[in-house]
Protein chains: 2
Amino acid sequence: MARPGSAAETPEPADESYDLAEQVGFIMRQAAQRHVSIFNEIMGSDLTPTQWAVLARLYQDGGSSQNLLGRQTAMDAATIKGVVDRLLKRKLVQTKPDPEDGRRLIVELSPAGVDYTRELLPKAETVTKVTLAPLATNQRATLIALLKQLR
Amino acid sequence: MARPGSAAETPEPADESYDLAEQVGFIMRQAAQRHVSIFNEIMGSDLTPTQWAVLARLYQDGGSSQNLLGRQTAMDAATIKGVVDRLLKRKLVQTKPDPEDGRRLIVELSPAGVDYTRELLPKAETVTKVTLAPLATNQRATLIALLKQLR
DNA sequence: TGATCCTCGTTCGTATACGAACGATATCCC
DNA sequence: GGGATATCGTTCGTATACGAACGAGGATCA
């Protein structure tokens, strides 16, 4: 009924053109939430999307320094540290100092981490499939192409 | 070089088809991060995207119960509480019990909150504009339409 | 060599995000 | 009326996310 809430005595909305529900950021946040929900259903609640990103990246390309790993998985230095620490605690990952650079900490999959990651790969593919299920095949490529441009 | 890290003695990648960098979830997370970064640059670091979502929603449609507000802004009950608490502390929002339902807490903009929100509306529009800047006009509508289908 | 600047990893503080459990209140329906 | 069920708000615990600051190590160049 009342426009800006009963506490305000202001007429004219000033800016009728702004609708939260139509802003990319808001819609993208909702789409991301839905994706995470699908991820949790399929992958199980014992692994998060970020943790999976680290495992998948290490599986694909082998070990790397912690900071580089963070860049490759879209996490800053503070965030990647927490993720690596939790994977360390579960022994899915192991670390060692870089002999060529005293600042660096090399992170790599443990043997158990390799097995675990390989077992989850089919499920991870399913996550993407289910997330994109509402779209037609050609729309999926379009969406991904457009999202890549926003990075 | 080495595939699954030097700690593993496993040949054959088992699943060459999975590339983290090509999964919707991962790309969407990066796009969302970029958007938040743009948001912070333009809106200033004293307001978060979620806090803005609450202000914008209340400005558009007036007060509502806390849980309903959460649903409208894509936050669960636990999350919306924290957001409302922080907005309360800044006196941008005020609450009162719902006379018709003893369980409900009505949340609405304070007069200062109305002014603050109105002042920020142009900047919020800029955020969307800058976020979508890499896309052609017709691509923007396409992206939004596709994202909506994933919710 | 030594001063300067950069990178790396760590820590702290704050803010989402959400599952789970809880008590209080409403509603439904026999 | 009263019991089963559902909703609302709250709290706790855990996991991203990231800015800011810090010390240790590396690279550059005079």
Side-chain angles (χ1 to χ4, degrees), chain A residues 25-26 28-41 43-55 63-90 95-107, chain B residues 25-26 28-41 43-55 63-90 95-107:
Chain A
F26 185 68
M28 196 158 48
R29 187 159 66 88
Q30 291 181 87
Q33 286 177 358
R34 174 102 181 86
H35 166 74
V36 173
S37 170
I38 290 168
F39 181 99
N40 288 332
E41 280 175 25
M43 301 286 275
S45 58
D46 49 336
L47 198 72
T48 65
T50 17
Q51 289 171 2
W52 169 250
V54 168
L55 295 183
S64 71
S65 78
Q66 187 172 281
N67 271 14
L68 176 58
L69 180 61
R71 265 176 255 127
Q72 292 169 338
T73 52
M75 295 174 232
D76 76 347
T79 302
I80 188 67
K81 192 202 183 312
V83 175
V84 167
D85 281 351
R86 277 167 228 117
L87 293 175
L88 270 176
K89 202 182 305 177
R90 294 177 58 183
T95 61
K96 62 183 180 189
D98 185 336
E100 295 178 4
D101 190 334
R103 299 167 301 177
R104 291 205 177 100
L105 185 66
I106 294 180
V107 183
Chain B
F26 184 68
M28 196 159 47
R29 186 158 68 87
Q30 291 180 87
Q33 285 176 359
R34 175 99 180 88
H35 165 73
V36 172
S37 170
I38 291 168
F39 181 98
N40 288 332
E41 280 175 25
M43 301 285 276
S45 57
D46 49 336
L47 199 71
T48 66
T50 18
Q51 289 170 3
W52 168 250
V54 167
L55 295 183
S64 70
S65 78
Q66 186 172 280
N67 271 14
L68 176 59
L69 180 61
R71 266 176 255 126
Q72 293 169 337
T73 52
M75 295 174 231
D76 77 347
T79 302
I80 188 67
K81 192 202 184 313
V83 176
V84 166
D85 281 352
R86 277 168 228 113
L87 293 175
L88 271 176
K89 202 182 304 178
R90 294 177 58 184
T95 60
K96 62 182 179 188
D98 185 336
E100 296 177 3
D101 190 333
R103 299 167 302 179
R104 291 204 176 102
L105 185 67
I106 293 180
V107 183

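The analysis underlying the following values was restricted to heavy atoms, covering all of them including side chains, and did not include hydrogens, waters or symmetry mates. Below, read A as the first sequence line, B as the second, and so on, with proteins coming before strands; counting in each chain starts at 1.
- Residue B:Thr79 is classed as a base contact, given a heavy-atom separation below 4.0 Å to a base.
- D:dC8 atom P lies 13 Å from atom CG of B:Asp76, rounded to whole Å.
- In terms of position along DNA chain C, the nucleotide closest to A:Ser37 lies nearer the 5' end than the nucleotide closest to the other residue of the pair A:Ser37 and B:Asp101.
- Mapping A:Ala78 and B:Gln66 onto DNA chain D by nearest heavy atom places B:Gln66 closer to the 5' end of the strand.
- The residue A:Val83 sits close only to the backbone: its heavy atoms come under 4.0 Å of sugar-phosphate atoms, none of a base.
- Interatomic distance, OG of B:Ser65 versus CZ of B:Arg71, reported as 6.0 Å (0.5 Å rounding).
- In 5' to 3' order, the nucleotides of DNA chain C bounding all contacts with chain B (an atom under 4.0 Å from a heavy atom) are C:dA15 to C:dA26.
- With values rounded to the nearest 0.5 angstrom, A:Asn67 atom CG is found 12.0 Å from A:Met75 atom CE.
- To the nearest 0.5 Å, atom NE2 of residue B:His35 and atom CG of residue B:Asn40 are 9.0 Å apart.
- Each of B:Ile106 and A:Glu100 lies near DNA chain D, and the nucleotide nearest B:Ile106 is the one positioned closer to the 5' end.
- Residues A:Gln30 and B:Ala74 approach most closely at CG-CB, 3.8 Å, considering heavy atoms.
- The structure places CG of B:Asp46 at 9.0 Å from CD of B:Gln51, a figure rounded to the nearest 0.5 Å.
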Under 4.0 Å protein heavy-atom contacts per nucleotide of nucleotides 1-7 of chain D, with B for base, S for backbone only and - for none: -----BB

What side-chain donor-acceptor pairs closer than 3.5 Å can you find for residues 76-83 of chain A, not counting sequence neighbours?
{"residue": "A:Asp76", "atom": "OD1", "partner": "A:Ala78", "partner atom": "N", "Å": "3.4"}
{"residue": "A:Asp76", "atom": "OD1", "partner": "A:Thr79", "partner atom": "N", "Å": "2.9"}
{"residue": "A:Asp76", "atom": "OD1", "partner": "A:Thr79", "partner atom": "OG1", "Å": "2.8"}
{"residue": "A:Lys81", "atom": "NZ", "partner": "A:Asp85", "partner atom": "OD1", "Å": "3.2"}
{"residue": "A:Lys81", "atom": "NZ", "partner": "A:Asp85", "partner atom": "OD2", "Å": "2.6"}

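- At least one side-chain heavy atom of A:Leu55 sits under 4.5 Å from a side-chain heavy atom of A:Leu47.
- B:Ser45 comes within 4.0 angstrom of no nucleic acid atom, judged by non-hydrogen atoms across all strands.
- Looking only at side-chain heavy atoms (C-beta outward), A:Ile106 and A:Glu100 stay at 4.5 Å or farther from each other.
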